[in-house]
Amino acid sequence: MGNKKSTLRFQKKSKKDEAPSVVSSQSTTQSMSRVMHGREFHNVESSTYVLPKDDFEKDRLHQQHFVVKEQLKGNILNKEMMTPLFEKGIYALDVGCGPGSWVLDMATDFPNSEFEGMDMADTFPTAIHPPNAHFCKGNLLEPLTYDRPFDFVQMRQVFNSIFFALGLRKQEWAITYKNIHAALKNGGYFQHVETTGQPETTDPTIKRVFEALASIQRQRGQEPTICAQLRPLAEETGFEIVHDFTYVVEAGWGSRADQLMADTIGTAIQGLAPFLAKEMGVDDHTGRKLVDQAIANFAPSKSVFHIHCFLARKTSSI
């Protein structure tokens, strides 16, 4: 496949964009970031992404990558079929790549393949990375105008927004899938790994916190139960499902990977504490206590989350 670097039409930055601008939430100056309660958040008017975008969040996303990798026994689904393709050399894209953990890991493991990472926030590495790994800013709701089609596109957890379920409005999923479909070669593969935003639990505190999260999502036009609708949507978009399964995360009481996943879910929820407190009608201090208690109750209540995974093949043009 070679290591020719592809370009995306919104990749270039002007000099004034090279240094990130951060303002407080009280500032009226237009900025790409805002600071609330000591955490840096996105300040993009068209985006519903609510998690922080600071160094603490980058660390959480790196940890999350390796936890998910351990749970799924690797970075790719259906390894028996896909590994030989990556070893031979293919062109792959990770949409919503966050700090680039999957791209960096895969580029190291498969030096004959070429990898692109794209995210709305430039939290990915810009200087030090394998020669077959490239990154740029981009918007999933716009056509992915790279200079050649992809053999493989991944969309993972993208818990990068506590999962993409916290990053996309309900009607935007169809647009996103169509853009991914259009970016693939005929016969190319689409891998999607998504975590449910609502746990199965009997604990009243966990229910209160996550019902507040679901309410926030609905107010933003998002669908908390979107995971159950993604496979049918992929098929409607022109994909053939070739592999799918659901992983049960025994949050904090199952395997070591499940315990670590509970930690990364908990850290993500803590990042949303100011929003959750407001939705629950309590002050920030009380809200943080409720969030911390909910996290502490994952294991004693034997709460579970689900990771929905599928690998699909592009079979037609739309």
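Along the sequence shown, residues are numbered consecutively beginning with 1. All of these numbers come straight from a predicted model, not from anything done at the bench.
In the model, Glu223 has a side-chain atom that pairs as donor or acceptor with a side-chain atom of Thr225 under 3.5 Å. Inspection of the Ser215 and Glu279 side chains reveals an N or O donor paired with an N or O acceptor under 3.5 Å. In summary, the side chains of Arg156 and His65 do present a donor paired with an acceptor at a separation below 3.5 Å, with no hydrogens or angles considered. Inspection of the Asp283 and Thr286 side chains reveals an N or O donor paired with an N or O acceptor under 3.5 Å. There is a side-chain donor-acceptor pair under 3.5 Å between Gln270 and Asp292. Side chains of Asp263 and Gln259: no donor on one and acceptor on the other come within 3.5 Å. Defined by atom type and a distance below 3.5 Å, a donor-acceptor pair is missing between the side-chain atoms of Glu87 and Asn112. Between the side chains of Glu114 and His134, at least one donor N or O lies within less than 3.5 Å of an accepting N or O.
No side-chain heavy atom of Ser255 sits under 4.5 Å from any side-chain heavy atom of Glu250. Put simply, the side chain of Leu93 reaches to within 4.5 Å of the side chain of Met118, judged on heavy atoms. Proximity of Asp151 to Lys185: side-chain heavy atoms (C-beta onward) are separated by under 4.5 Å at one or more points. Side-chain contact between Phe110 and Asp105: absent, with no pair of heavy atoms (C-beta onward) separated by less than 4.5 Å. Side-chain contact between Thr246 and Ile307 is absent, with no heavy-atom pair separated by less than 4.5 Å. Here the side chains of Leu311 and Met81 are in contact, with some heavy-atom distance below 4.5 Å. Leu141 places a side-chain heavy atom less than 4.5 Å from the side chain of Leu168. Side-chain atoms of Glu70 and Met261, non-hydrogen and from C-beta on, never get closer than 4.5 Å to each other.
Expressed to the nearest 0.5 Å, how far CG of Leu85 lies from CD1 of Ile90 amounts to 6.0 Å. Considering CZ of Phe210 and OG1 of Thr205, their distance stands at 12.0 Å, rounded to 0.5 Å. Note that CG of Leu233 is 7.0 Å distant from CD1 of Ile226, once rounded to the nearest 0.5 Å. The line from NE2 of His243 to SG of Cys309 is 7.5 Å long, rounded to the nearest 0.5 Å. In this structure, CG on Asp94 lies 9.0 Å from OG on Ser101, to the nearest 0.5 angstrom. One finds the CG atom of Leu290 at 9.5 Å from the CG atom of Leu276 (value rounded to the nearest 0.5 Å).
Annotation: His308 is not in aromatic contact with Phe310 [ring centroid separation under 6.0 Å not met]. Aromatic ring centres of Phe115 and Phe150: separated by at least 6.0 Å. Aromatic ring centres of Phe190 and Tyr177 lie closer together than 6.0 Å. Aromatic pair Tyr247/His306: ring centres not closer than 6.0 Å.
No continuous path of hydrophobic side-chain contacts links Trp253 to Ile295 [ILVMFWY only; heavy atoms under 4.5 Å]. One hydrophobic cluster, built from ILVMFWY side chains closer than 4.5 Å, cannot hold both Phe245 and Val248; they sit in different ones. Using a 4.5 Å cut-off between side-chain heavy atoms of Ile, Leu, Val, Met, Phe, Trp and Tyr, with links allowed through other members, Val304 and Val68 fall into different hydrophobic clusters.
Atom NZ of Lys69 has more than 12 heavy atoms from other residues, nucleotides or ligands within 6.0 Å. Around NZ of Lys278, the count of heavy atoms belonging to other residues, nucleotides or ligands within 6.0 Å does not exceed 12.
The nearest pair of heavy atoms linking Gln191 to Asn75 is NE2-O, 3.1 Å. The shortest heavy-atom contact between Ala257 and Gln71 is CB-CG, 3.5 Å. In terms of heavy-atom proximity, Glu194 sits nearest to Cys227 at CG-SG, 3.6 Å. Of all heavy-atom pairs spanning Ala107 and Asn132, the tightest one is O-ND2, 3.1 Å. When every heavy atom of Leu184 is checked against every heavy atom of Lys314, the shortest pair comes out as O-NZ, 2.8 Å. Closest approach of Leu144 and Asn139 over heavy atoms only: CD2-O, 4.3 Å.
A distance-only check finds no donor-acceptor pair linking the side chain of Asp258 to the backbone of Gly252 [under 3.5 Å]. Distance alone, capped at 3.5 Å, places no donor-acceptor pair between the Lys207 side chain and the Pro199 backbone. Looking at Thr237, its side chain never comes within 3.5 Å of a backbone N or O of His181 through a donor-acceptor pair.
Note on ring orientation: taking the six-membered ring where Trp is involved, the planes of Trp173 and His192 are parallel (angle under 30°, cut-offs 30° and 60°). The aromatic rings of Trp102 and Phe86 lie perpendicular to each other, with more than 60° between the two planes, well past the 30° mark.
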Run the side chain to side chain contact (heavy atoms under 4.5 Å, CB included) check on Lys302 and Thr202 step by step: do they pass?
-> CA-CA 9 Å; Lys302 294 194 180 301; Thr202 59; over 6 Å; no
Apply salt bridge (Lys or Arg N to Asp or Glu O under 4.0 Å) to the pair Arg231 and Asp244, showing each step before the final yes or no.
-> CA-CA 9 Å; Arg231 174 175 172 163; Asp244 76 300; 3.0 Å; yes
Side chain to side chain contact (heavy atoms under 4.5 Å, CB included) evaluation trace for Asp119 with Lys137 | CA-CA 5 Å; Asp119 202 285; Lys137 290 181 68 174; over 6 Å; no
Go through Arg169 and Glu172 one step at a time and tell me if the salt bridge (Lys or Arg N to Asp or Glu O under 4.0 Å) criterion holds.
-> CA-CA 5 Å; Arg169 298 177 180 90; Glu172 291 171 344; 2.8 Å; yes
Evaluate side chain to side chain contact (heavy atoms under 4.5 Å, CB included) for Leu104 paired with His129, printing each intermediate quantity in order.
-> CA-CA 7 Å; Leu104 297 172; His129 51 73; 3.7 Å; yes
Give the C-alpha distance, both sets of side-chain angles, the deciding distance and a yes or no for side chain to side chain contact (heavy atoms under 4.5 Å, CB included) between Phe298 and Thr201.
-> CA-CA 8 Å; Phe298 282 166; Thr201 185; over 6 Å; no
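Under the side-chain contact (heavy atoms from CB on, under 4.5 Å) test applied with Ser303, the options Ile265, Val249, Asn297, Ile206 reduce to a single match, Ile206.
Both cation-pi conditions hold for Arg148 and Tyr91: the charged atom is under 6.0 angstrom from the six-membered ring centre and inside a 45 degree cone around its axis.
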